[in-house]
Student: 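My questions all concern the structure below.
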2 protein chains.
Amino acid sequence: MASSAPSRVVETLRDEILNGTLAPGARLRQEDIALRFNASRQPVRDALRQLEGDGLVNLVANSGAWVSKLSESECFEAYQMREKLEPLLISRSIPNLKPAQIQRLTELVSEIERATDLEQFLRLDREFHLLSYAGAAPGMLREFVERIWNTTQHYRRAFAKLSGFATSEVTHMEHKLILDGIVRNDSAQAERALEAHIRRTRVTLSEHKEIFN
Amino acid sequence: MASSAPSRVVETLRDEILNGTLAPGARLRQEDIALRFNASRQPVRDALRQLEGDGLVNLVANSGAWVSKLSESECFEAYQMREKLEPLLISRSIPNLKPAQIQRLTELVSEIERATDLEQFLRLDREFHLLSYAGAAPGMLREFVERIWNTTQHYRRAFAKLSGFATSEVTHMEHKLILDGIVRNDSAQAERALEAHIRRTRVTLSEHKEIFN
DNA sequence: ATGGGCGAAAATGTATCCAATTACAACTTT
DNA sequence: AAAGTTGTAATTGGATACATTTTCGCCCAT
């Protein structure tokens, strides 16, 4: 069964924004999108509004829609929020993670360590974090964290590209600390390790302002 | 000049949800709203999507729209997020507050202390907090905090009603501590005072689960 | 009497058409 | 020549009509 037209548009455009096909600032014309999906402009407008709600698209009345763009300070702010919210989320998730999920998380840490190309690294790293929250109940907290991930994804890529997708030893150590907290069902340690990981990432990122040009 | 049809709908419905005219769980039929605003259903659909983005409305495909409802644990979670995010926001706001705004904040603390009815108290308290963030740059952080305020507003009212809108001495003291931090340009104190205020409110709220029936 | 399925009514989803707004460009004016 | 103005093209906003989906009452069968 095929999902509704707006859903298809939302899913596709979201993917293209996250994987970099659509760069921040790119214009989104309703008619073009409608033609592309063999639909009329109404479902497209619905889809654009949904994407706006996800923070991925900016709509300006009587003017048009563009892929969202973060300034340096906005990106910094997003990381500060992550630092506060993600630890809360992971601590709510850990007690509910199933053995199979923990197994997968363990594999992911190894795979990330052995990742050879940038897109692979980004995909695995994202999967690791999103899966680590899989035990948390759906709700505002999860929604907010996922939105932060989505809106900063482009800058994560830009930063990784700049530093030769610097999968430094530090990153691996941090991942292992987080994983250890998960495996040992020690929410407090996972929280601390995750917070430290995000904080270091934020500080490192703030030393590469050239991403935002 | 009158703003666009969707804006009028969004503004009006948002007000009615916040002031309690529309209770959580109330159904929102597109046709009814369209008739009421002398518009067609398209602008109404746009408006509902925007309200969904604000977390005030739930849309279910092919079924309908309802005013958002929080469970006890969701409301608790929202307060935990407030506790983490609001202090961050107020510390970013304080350096940019203008003298006139600080003056108004001072007045508000007094007015809150003398508030006689429930709706007045809710309105003044809300104005105090929102104004205390007025110095912060627009962005995700501010958006998130405002969304938390909006989605929890109904439960703030229910709780205040239950406890005789308990404007306890503790509340006044906390407000004064926050204000003192603002006046003395001491962001750190304001942060601490605000966090303590929210935490106490959260704990108190969690002792009144009957609100969520 | 109760449970399940069927059908009609009602609400949402989509397409097409027209109106309103905006942006751009050419033109006039100083 | 530069700045302001006006007109036209392009794009979005809104309304009407139609299709699809869901829902709920009703009937029938067990």
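Residue numbering restarts at 1 for every chain, and letters A, B, ... go by the order of the sequence lines. The structure presented is a predicted model; accordingly, all values stated were derived computationally and were not measured.
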Student: Please give, in whole Å, the distance from D:dT11 C1' to A:Leu35 CG?
Tutor: 13 Å

Student: Under 4.0 Å between a side-chain N or O of A:Arg27 and OP1 or OP2 of D:dT12?
Tutor: yes

Student: Rounded off to whole Å, could you give me the CD-to-P distance for the A:Gln50 and C:dG13 pair?
Tutor: 10 Å

Student: Rounded to the Å, how far apart are A:Asn38 CG and C:dA15 P?
Tutor: 9 Å

Student: Of the candidate nucleotides D:dT11, C:dT12, C:dT16, which contains the atom at the shortest distance from the side chain of A:Arg29?
Tutor: D:dT11

Student: Within this structure, what is the CD-to-C1' distance between B:Gln30 and D:dG14, rounded to whole angstrom?
Tutor: 14 Å

Student: Would you say the side-chain atoms of B:Ser4 and B:Ser7 include a donor-acceptor pair closer than 3.5 Å?
Tutor: yes

Student: Between the side chains of A:Glu146 and A:Arg142, is the shortest nitrogen-to-carboxylate-oxygen separation below 4.0 Å, so that they form an ion pair?
Tutor: yes

Student: Less than 3.5 Å between a donor and an acceptor, one on the side chain of A:Arg41 and one on the base of D:dG14, is that the case here?
Tutor: no

Student: For a 4.5 angstrom cut-off between non-hydrogen side-chain atoms, does A:Arg147 reach B:Met140?
Tutor: yes

Student: Find the distance B:Asn62:CG to C:dA11:C1' and express it as a whole number of Å.
Tutor: 10 Å

Student: If you look at every strand shown and take non-hydrogen atoms under 4.0 Å, does B:Leu28 touch a base, only sugar-phosphate, or nothing?
Tutor: sugar-phosphate

Student: Given atom CG of A:Leu48 and atom P of C:dT14, what is their separation to the nearest angstrom?
Tutor: 14 Å

Student: Just the rounded figure in Å: distance from P of D:dT23 to CH2 of B:Trp66.
Tutor: 7 Å

Student: Is B:Ser63 near enough to D:dT23 that one of its side-chain N or O atoms lies under 4.0 angstrom from OP1 or OP2?
Tutor: yes

Student: Establish whether the base of D:dG14 is bridged to the side chain of B:Arg45 by a donor-acceptor pair shorter than 3.5 Å.
Tutor: no

Student: Check the pair B:Arg157 / B:Glu119 against salt bridge (charged side-chain N to carboxylate O under 4.0 Å, His left out), numbers first and verdict last.
Tutor: CA-CA 8 Å; B:Arg157 173 179 293 108; B:Glu119 290 301 329; 2.9 Å; yes

Student: Judged by each residue's nearest nucleotide on DNA chain C, which is more toward the 5′ side, A:Ala39 or A:Ala61?
Tutor: A:Ala39

Student: Find the distance B:Gln42:CD to C:dC18:C1' and express it as a whole number of Å.
Tutor: 13 Å

Student: By the 4.0 Å heavy-atom rule, please label A:Ala65 as base, sugar-phosphate, or nothing.
Tutor: nothing

Student: Using 30° and 60° as the class boundaries, would you call the ring planes of A:Phe159 and A:His208 parallel, tilted or perpendicular?
Tutor: perpendicular

